[in-house]
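Here the structure is laid out as structure tokens; the discussion comes afterwards.
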Protein chains: 4
Amino acid sequence: MGTGRLEAFSDGVLAIIITIMVLELKVPHGKALGSLKPVYPILVSYILSFINIGIYWNNHHHLMLSVEQVNGKVMWANMHLLFWLSLIPFSSAWMGENDFPLWPVVVYGIILAMSGVAYFLLVRALIHLHGNDSILAKAVGNDKKGKWSVVFYIAGVALAFLHPWVGFIMYVLVAALWFIPDKRIEKKIEQVEEEKE
Amino acid sequence: MGTGRLEAFSDGVLAIIITIMVLELKVPHGKALGSLKPVYPILVSYILSFINIGIYWNNHHHLMLSVEQVNGKVMWANMHLLFWLSLIPFSSAWMGENDFPLWPVVVYGIILAMSGVAYFLLVRALIHLHGNDSILAKAVGNDKKGKWSVVFYIAGVALAFLHPWVGFIMYVLVAALWFIPDKRIEKKIEQVEEEKE
Amino acid sequence: MGTGRLEAFSDGVLAIIITIMVLELKVPHGKALGSLKPVYPILVSYILSFINIGIYWNNHHHLMLSVEQVNGKVMWANMHLLFWLSLIPFSSAWMGENDFPLWPVVVYGIILAMSGVAYFLLVRALIHLHGNDSILAKAVGNDKKGKWSVVFYIAGVALAFLHPWVGFIMYVLVAALWFIPDKRIEKKIEQVEEEKE
Amino acid sequence: MGTGRLEAFSDGVLAIIITIMVLELKVPHGKALGSLKPVYPILVSYILSFINIGIYWNNHHHLMLSVEQVNGKVMWANMHLLFWLSLIPFSSAWMGENDFPLWPVVVYGIILAMSGVAYFLLVRALIHLHGNDSILAKAVGNDKKGKWSVVFYIAGVALAFLHPWVGFIMYVLVAALWFIPDKRIEKKIEQVEEEKE
């Protein structure tokens, strides 16, 4: 089974998730510039979530480039990832509409952490299918970056109890960490192709 | 006529159905953890519907792998399936927002049963086009699993009158039954390819 | 310029149009079967609109099978068609929510008529690009069916002033007329391919 | 890395943006023709935004035709463009619902200007990847049209303070300027292919 339709479906779901978030930016009733005021925190929240979904799309794209096939297990691992990502618009809006209070920030962090775990499981399912000698397995190694980002999210959730903004800043830091697409895979593919020549 | 665009369109519709369901998770007005309380039953309902749409996507994917072409009849059989699936977000939300009372559970079950029937008709239309000697026909056989799941859904609808949760549990059981993608087709394709060699 | 991305974009827009219509089926507040009552006319309206969008997708699919390239003019003709089709959810909901009164039925008919005109213009733009000797030009001929359906829609709009349901029935008749995908193109492609052999 | 999935994802996002705007056309409660009255300015706003997204899709399509690969930088430049375009439905609705008052018109213009800048940056990122001798670099040249449209948008924003409609007309003028897809790239590709022969 090729990766084509799994990519197409994931692209579709990610494109919709990233776009329906904009529906949370409720059109203000007034027409003065000031009536935009309640929109600002939702916009901040939207920008972080937009970047997070963007990161997942980028990494998913890189991930799928390095594999050749999928099976039923991979399909459900992928569906599981999409499930957690699909909860981002909801928790993002809850966080933004209330000016980043404790519990929405905590829930947002938990969903990001679970997305990280789900991505990790997807990578494992793909490595299990392609073997430990596959390009993917070599490129990812023991996936320190993936593990650390889950740790950071959990730390962010914990620190949010100190002050919600501290938690939020932790989530921003993880996003910054991933902003650059997964060079490891890109490098490994190049390397393998050079070795072939 | 190849299957490409029918797959692309179905992927699009299924991706949207699975994602707009999340819009039913209404952002709570309060910011306390307790304000999430009305969201929980909708989330339970969302999870089951997410899995159900996931199952249909998985099976649709496997189904299309085993065929080579489509015709007008197949297109409408596919559209008919998408119609019933498109009603899932509505009935799922109705069920969740009201804490799983009788009628929403009944309507949800009827829509699942009709989706099962529509899938069955799609398989028949594809077998009719490809002949009884096709990979698909051999793989599906007399499609016991498909028929039984419709029977189970109807039983679930009936049992919901005993208690709505009994009906709901029946729907969960059918989902569990289908959770594993349709191995029959995968096996048959492999077998045919081995015979060729 | 190939037809690939124009098909992908159109598939995307049509998939979304057909799916967001379901958002108009507002989840009832009550949990009794009777609380579904205001949903029924919207459902009737939804079914007709679902079939209409399905027809356009089917015909669009057939149309694109018979051509090889697109240009800027075709792209805008296609965008123009998508514009009118994008208004169907709005007018469909207006019609359904009010139990099919005069003006919503009239507006719905006008939008269907304009969609018919836009499809006609798209076909013309494609014939202009591919020449009068192209498969498409021969298959479509003077496109009686397309012209007649626009006439029927206009008649439906006029007859709605007699009684809205008369207009509505006219729209159903045109849908029935198109329910069967455009056999003309399918036949012509087969014929041309037979001649080649 | 090929351009396939970036195109698919962008097509998806653009298709959703163009379609969810129609959700802003709120279904009127009344059934008289007059109850459509508050919909008209939103429709005007929708038409301009539909055309603008259509222009970006057309140009994006042409742009991607002229390149062969993408990298991480291009992906984020593309995501940045999609971010600004994703704000169009929000500002378009705000403008339409209030009958084109000053601030919504100003915000709409700023979002269009930023989209123009983002498109410019995407082109630069692609030229940087493909080199100054690439088809794209030669076709775009110093991109006068792109630069001028940003200047026009800023002028529109400024002129809106004179009267909002003057600003709005400026935005319409830029759309008219771009209505014809980017012939420069089409010409250059043809020219290069002729030279090859």
Side-chain angles (χ1 to χ4, degrees), chain C residues 1-21 23-24 26 41-42 45 53 69-107 110-111 164, chain D residues 3-37 39 42-43 46-66 178-183 185-187 189-190:
Chain C
M1 241 191 300
T3 62
R5 229 181 132 181
L6 187 123
E7 289 179 64
F9 184 72
S10 307
D11 278 356
V13 172
L14 292 176
I16 299 159
I17 291 174
I18 219 170
T19 322
I20 60 171
M21 278 194 298
L23 294 175
E24 301 297 345
K26 296 283 185 316
I42 308 181
S45 182
I53 300 287
Q69 46 177 328
V70 299
N71 59 7
K73 219 171 154 182
V74 169
M75 278 182 161
W76 281 111
N78 192 60
M79 211 60 104
H80 179 234
L81 171 62
L82 294 179
F83 173 75
W84 287 107
L85 295 177
S86 82
L87 295 179
I88 286 181
F90 166 78
S91 59
S92 175
W94 193 31
M95 193 165 73
E97 277 181 27
N98 289 281
D99 253 320
F100 304 91
L102 178 60
W103 285 106
V105 171
V106 165
V107 168
I110 291 170
I111 287 166
Chain D
T3 63
R5 230 183 131 181
L6 187 124
E7 289 179 65
F9 184 72
S10 307
D11 278 357
V13 172
L14 292 176
I16 299 159
I17 291 174
I18 219 169
T19 323
I20 61 170
M21 279 195 297
V22 97
L23 294 176
E24 301 297 345
L25 294 174
K26 296 283 184 318
V27 178
H29 290 297
K31 54 192 184 185
L33 188 60
S35 60
L36 274 186
K37 225 179 151 184
V39 174
I42 308 182
L43 191 64
Y46 174 56
I47 292 171
L48 179 60
S49 298
F50 191 96
I51 291 172
N52 274 324
I53 301 287
I55 287 167
Y56 273 102
W57 179 73
N58 266 355
N59 285 334
H60 196 270
H61 185 153
H62 278 78
L63 187 63
M64 287 299 152
L65 272 179
S66 69
W178 281 99
F179 197 70
I180 300 121
D182 205 328
K183 292 252 164 155
I185 292 174
E186 236 171 288
K187 268 186 205 157
I189 292 175
E190 272 168 34

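- Shown here for G12(C) and A15(D), the closest heavy-atom pair between the two residues is C-CB, 4.0 Å.
- Here the NZ atom belonging to K31(D) is positioned 13.0 Å from the CD atom belonging to E97(C), to the nearest 0.5 angstrom.
- Between atom CE of residue M79(C) and atom CD1 of residue I53(D) there is a gap of 9.5 Å, rounded to the nearest 0.5 Å.
- When atom types are taken as modelled, the side chain of W57(D) and the backbone of F9(C) share no donor-acceptor pair closer than 3.5 angstrom.
- Of the residues considered (M95(C), E24(C), R5(C)), R5(C) shows the highest number of contacts with chain D, using heavy-atom pairs under 4.5 Å.
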Indicate every side-chain donor-acceptor pair of residues 81-90 of chain C with a distance under 3.5 Å to a residue at least two apart or in another chain.
from: W84(C); atom 1: NE1; to: H80(C); atom 2: NE2; distance (Å): 3.0
from: S86(C); atom 1: OG; to: F83(C); atom 2: O; distance (Å): 2.7
from: S86(C); atom 1: OG; to: Y46(D); atom 2: OH; distance (Å): 2.5

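- Neither the backbone nor the side chain of I17(D) comes within contact range of chain C; no heavy atom of the residue lies under 4.5 Å from a heavy atom of that chain.
- Looking at L43(D), only its side chain comes within 4.5 Å of chain C, counting heavy atoms on both sides.
- When each of L6(C), L23(C), V106(C), L102(C) is checked for heavy-atom pairs under 4.5 Å with chain D, L6(C) comes out on top.
- Looking at I18(D), the atoms closer than 4.5 Å to chain C (heavy atoms on both sides) all sit in the side chain, from C-beta outward.
- With a 6.0 Å radius and a threshold of 12 heavy atoms from other residues, nucleotides or ligands, K37(D) has its NZ atom at or below the threshold.
- The residue among S35(D), G54(D), P28(D), A32(D) with the most heavy atom pairs within less than 4.5 Å of chain C is P28(D).
- Every residue meeting the side chain to side chain donor-acceptor pair (under 3.5 Å) condition with S10(C), not counting sequence neighbours, appears here in chain and number order: N78(C).
- Note: L36(D) leads L36(D), I16(D), I51(D) in heavy-atom pairs under 4.5 Å with chain C.
- In this structure, the portion of V107(C) lying under 4.5 Å from any heavy atom of chain D is its side chain and not its backbone.
- In terms of non-hydrogen atom pairs under 4.5 Å with chain C, the most contact-rich of V39(D), L33(D), I20(D) is L33(D).
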